[in-house]
Amino acid sequence: MKNLELAQIFYQISEFLEMKEDGFRSRAYNKVARVLESMEKDIEEIYQLGGLKLLEEIPGVGKNIALRIEEYLKTGKISEHQKLKKESPVDLEELTKVEGLGPRKIKILYKKLNIRNIKDLEKAAQKGKIGELEGFGDKSQKNILQAIEFAKADQGRMLLGQILPTVREIISNLEKLKEVEKVSLAGSVRRMKETVGDIDILAISSKPEKVMEFFVKMPEVVKIWAQGSTKSSVRFKKGFDCDLRVIKKESFGAALQYFTGSKDHNIATRRLAIKKGLKLNEYGVFKKEKRIAGKNEKEVYQSIGLSYIEPELRTNTGEIEAALNGELPQIIQYNDILGETQCHSDWSDGRNPIRKMAQEAKKLGYQYILITDHAGFLKIAHALDEKRLCKQIEEIDRINQKLSGIKVLKGAEVDIMMDGSLSIKDSVLEKLDLVVAAVHSGFKMNKEDMTQRLIKAIENKNVSIIAHPTGRIIQKREAYSFNYEEVFQAAKKNKTALEINAHYVRLDLKDTDIRQAIESGVKLTIGTDAHNSNELSLMEFGIAQARRGWAEKKDILNTRNLKDFLKYFE
DNA sequence: GCCGTTTTCGGCCCGACTGTTTTCAGTCG
């Protein structure tokens with residue numbers, strides 16, 4: 001898929017145009033780059049399907065940009081981009097990573113000091129040349145040197161699951177301050193996006209200076225980017241940035257709405273406000289000078305004609321239209337789950353015994369837990385063979401006799417072989433309550449073969465759930481290639497559920513797949529893939545993913561009680 | 001360069017913070 005490559009080029013064109021002070025054209029390219037980045041459909045497929053005409057139906061794409069896309073697909077280059085690069089041969093991708101450097105300053109640095117990349121920049125700063133430039137000073141020079149260090153160490157976006165515990169700690173520290181009346185998470189963490197660039201936190205306080213002083217002096221802070229009375233921004237030791245904004249009570253809802261984003265969602269809500277003759281900013285919704293809403297998010301949305309939109313839905317992918325028409329889904333709640341559907345015990349590669357896993361599940365308020373130790377060929381995960389699987393079945397029967405308030409279900413995670421057959425024979429699988437099947441090998445198979453492989457597994461009478469159906473690992477491994485619609489149809493027909501794997505490195509299915517699966521009539525389960533009892537709490541991330549995929553309670557099978565859950569698979 | 005229930009021309013989201021300036025441009029989100 002070339003969407004991301006193309007987006008990168010359009011971002012660069014946008015920045016080159018900004019250097020030339022062509023702001024509006026710059027913004028046009030910037031918008032298209034963002035659209036491309038978040039677009040699910042393959043741009044090449046769109047072009048092959050309907051040529052320039054269909055390209056122009058993409059928001060932000062007009063005649064000219066459609067032509068540029070065509071040029072890229074045909075030649076791998078865009079002549080406009082080449083021309084701009086020739087005019088200013090600077091490594092924009094590298095230089096814009098330095099905090100505080102944008103296109104205009106990069107232009108000055110290039111024109112005056114012939115700085116083309118980070119190396120040049122560092123040399124010039126060390127020699128003290130930058131401080132001598134007009135518009136720059138000693139402070140700028142020092143900041144640039146420090147920002148270079150951070151840019152070098154930058155690891156890009158982090159996984160939500162890696163960052164959320166720290167974020168909650170920061171929030172809890174702020175909540176303890178007597179000057180703070182209320183604290184809330186905002187930004188992409190509040191939207192539970194699977195990867196996070198930085199962290200946004202809001203607080204209500206009548207003594208903002210005190211709060212900011214505490215915030216920038218937290219022991220984990222290694223750099224203060226900015227410190228003001230309404231906004232401060234810092235870098236934490238762990239390598240991420242965090243913004244804190246202190247606001248007044250009456251604006252809290254508007255600020256929360258604004259700083260939760262997404263950016264595209266905000267632009268759309270602001271435009272809606274303008275259409276209604278209103279103004280929406282982080283301080284409220286205004287009719288002329290008069291504030292008509294802002295205290296809480298609900299009234300902000302209502303004042304511009306929308307029903308309340310849950311943070312996980314705020315991506316400007318149809319939620320605003322749905323809210324206008326009162327057609328938003330009743331998305332699943334975080335306490336709707338009644339059972340675990342995928343986890344591992346010390347029989348295979350898990351760390352805790354079955355009994356411990358069950359007790360922890362009970363603590364979480366579940367009615368059942370499906371134990372799915374690896375069974376088959378995954379020797380690296382101590383997979384069970386058929387003999388040990390039969391032994392485990394007997395063991396679970398014994399455990400169930402001793403436990404109350406939680407039912408342990410007999411399951412296994414079996415491998416889907418290259419030809420779509422399973423790694424454990426049917427006569428053994430029949431003895432289990434539910435079978436979870438997954439692809440663990442042969443990821444590079446071609447699309448047609450992989451589609452048939454998955455469908456064959458789905459059609460197996462013993463298979464109840466396909467685990468991590470696309471095989472992707474966030475930022476590490478692409479989903480394997482298959483025809484989603486054909487697989488979804490097979491899953492629907494055979495009443496085989498598809499899993500939303502809740503582990504934050506997978507989150508597979510992803511949000512857009514979930515929407516498509518539900519539209520196709522597929523039922524889903526959320527499973528944590530826990531390898532120890534603590535990881536059963538990862539369910540939160542799976543639920544968030546389901547919410548981001550517009551899933552309602554009825555779409556997720558393990559929101560059902562034990563009886564109804566099992567009934568679906570009969 | 002894109003876009004349209006005010007418009008096919010004339011708009012394009014908008015406010016805070018910094019560093020440098022002596023009233024503001026650049027950057028960021």
Side-chain angles (χ1 to χ4, degrees), chain A residues 10 13-35 55-69 80 95-109 130-144 147 186-188 196-202 208 212 216 223-234 241-247 251 254-255 257-286 304-305 316 324:
Chain A
F10 283 149
I13 293 179
S14 162
E15 278 151 6
F16 279 127
L17 291 171
E18 185 64 36
M19 285 167 83
K20 297 178 81 164
E21 309 189 12
D22 196 347
F24 289 118
R25 278 176 74 219
S26 168
R27 246 187 276 172
Y29 278 99
N30 183 280
K31 184 183 174 194
V32 173
R34 279 192 296 115
V35 169
L55 288 178
E56 282 183 47
E57 281 178 27
I58 300 169
V61 177
K63 267 206 170 57
N64 271 297
I65 290 187
L67 280 169
R68 309 246 191 277
I69 294 173
E80 174 80 5
L95 286 172
T96 49
K97 272 191 195 145
V98 178
E99 177 86 16
L101 278 196
R104 302 282 178 106
K105 283 187 180 165
I106 290 173
K107 178 184 172 187
I108 297 169
L109 291 169
I130 289 174
E132 298 165 1
L133 287 180
E134 198 176 326
F136 293 77
D138 277 352
K139 238 174 175 168
S140 301
Q141 182 162 280
K142 249 174 87 186
N143 280 337
I144 283 174
S188 55
V196 175
D198 61 8
I199 294 162
D200 293 282
I201 298 173
L202 304 187
M212 293 306 193
V216 302
K223 166 80 184 171
I224 301 167
W225 296 118
Q227 181 180 0
S229 65
T230 69
K231 178 194 163 173
S232 292
S233 182
V234 300
D241 290 341
C242 182
D243 291 355
L244 174 65
R245 293 181 159 85
V246 175
I247 48 235
S251 298
Q257 196 280 329
Y258 182 71
F259 291 114
T260 295
S262 70
K263 190 180 171 120
D264 291 334
H265 176 88
N266 282 353
I267 290 174
T269 47
R270 282 195 175 203
R271 293 197 142 185
L272 201 60
I274 292 168
K275 252 191 215 167
K276 290 185 173 291
L278 303 168
K279 190 171 99 160
L280 169 61
N281 61 25
E282 56 264 55
Y283 298 106
V285 183
F286 296 88
I304 56 172
N316 195 26
L324 269 172

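So that the names make sense, note that chain A is the first sequence line, chain B the second, and so on, each numbered from 1.
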Integer angstrom distance from the [atom1] of [N] to that of [M]:
{"N": "dT20(B)", "M": "dT27(B)", "atom1": "P", "answer": "14 Å"}
{"N": "dT7(B)", "M": "dC14(B)", "atom1": "C1'", "answer": "23 Å"}
{"N": "dC2(B)", "M": "dT8(B)", "atom1": "C1'", "answer": "12 Å"}
{"N": "dG19(B)", "M": "dT23(B)", "atom1": "C1'", "answer": "13 Å"}

TODO: For K279(A) and for P103(A), locate the closest nucleotide of DNA chain B by heavy-atom distance; then report the residue assigned to the nucleotide nearer the 5' terminus.
DONE: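 In this pair, the answer is K279(A).
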Sorted by position of nearest nucleotide on DNA chain B, 5' first, the leading residue of A226(A) and D198(A) is A226(A)
Smallest heavy-atom separation, A273(A) atom then I304(A) atom, equals CB-CG2, 3.8 Å
When every non-hydrogen atom of A33(A) is compared with those of F10(A), the smallest separation belongs to CB-CB, 3.9 Å
Compare the minimum distances between each of dT27(B), dC13(B), dA16(B) and the side chain of K231(A), then state the nucleotide with the smallest one.
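Looking only at heavy atoms from C-beta outward on K231(A), the closest nucleotide is dA16(B).
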Winner on side-chain proximity to R270(A), out of dG29(B), dC14(B), dT27(B), is dC14(B)
- request: Just name whichever nucleotide pairs with dG29(B), Watson-Crick or G-U, keeping both distances under 3.5 Å, else none.
  value: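 dC14(B) is the nucleotide pairing with dG29(B).
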Identify whether any heavy atom of [X] sits under 4.0 Å from a base atom; if not, whether one sits that close to sugar-phosphate; answer base, sugar-phosphate or nothing.
{"X": "K275(A)", "result": "nothing"}
{"X": "D138(A)", "result": "sugar-phosphate"}
{"X": "N143(A)", "result": "sugar-phosphate"}

S140(A) side chain N/O closer than 4.0 Å to the phosphate oxygens (OP1, OP2) of dT20(B)?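 It does, given that an N or O in the side chain of S140(A) lies less than 4.0 Å from OP1 or OP2 of dT20(B).
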**Q.** N or O in side chain of R27(A) less than 4.0 angstrom from dC13(B) OP1/OP2
**A.** yes
CD of Q141(A) to CD1 of I144(A), rounded to nearest 0.5 Å, is 7.5 Å
| task | Check the side chains of Y29(A) and R68(A) for a donor-acceptor pair under 3.5 angstrom, ignoring hydrogens and angles. | result |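 R68(A) vs Y29(A): donor-acceptor pair found between side chains.
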Taken to the nearest whole Å, CG/L67(A) to C1'/dC2(B) is 14 Å
L101(A) CG to dT20(B) P, in whole Å, measures 13 Å
task: Return yes if the base of dG15(B) and the side-chain atoms of Y258(A) contain a donor-acceptor N/O pair under 3.5 Å, otherwise no.
output: no
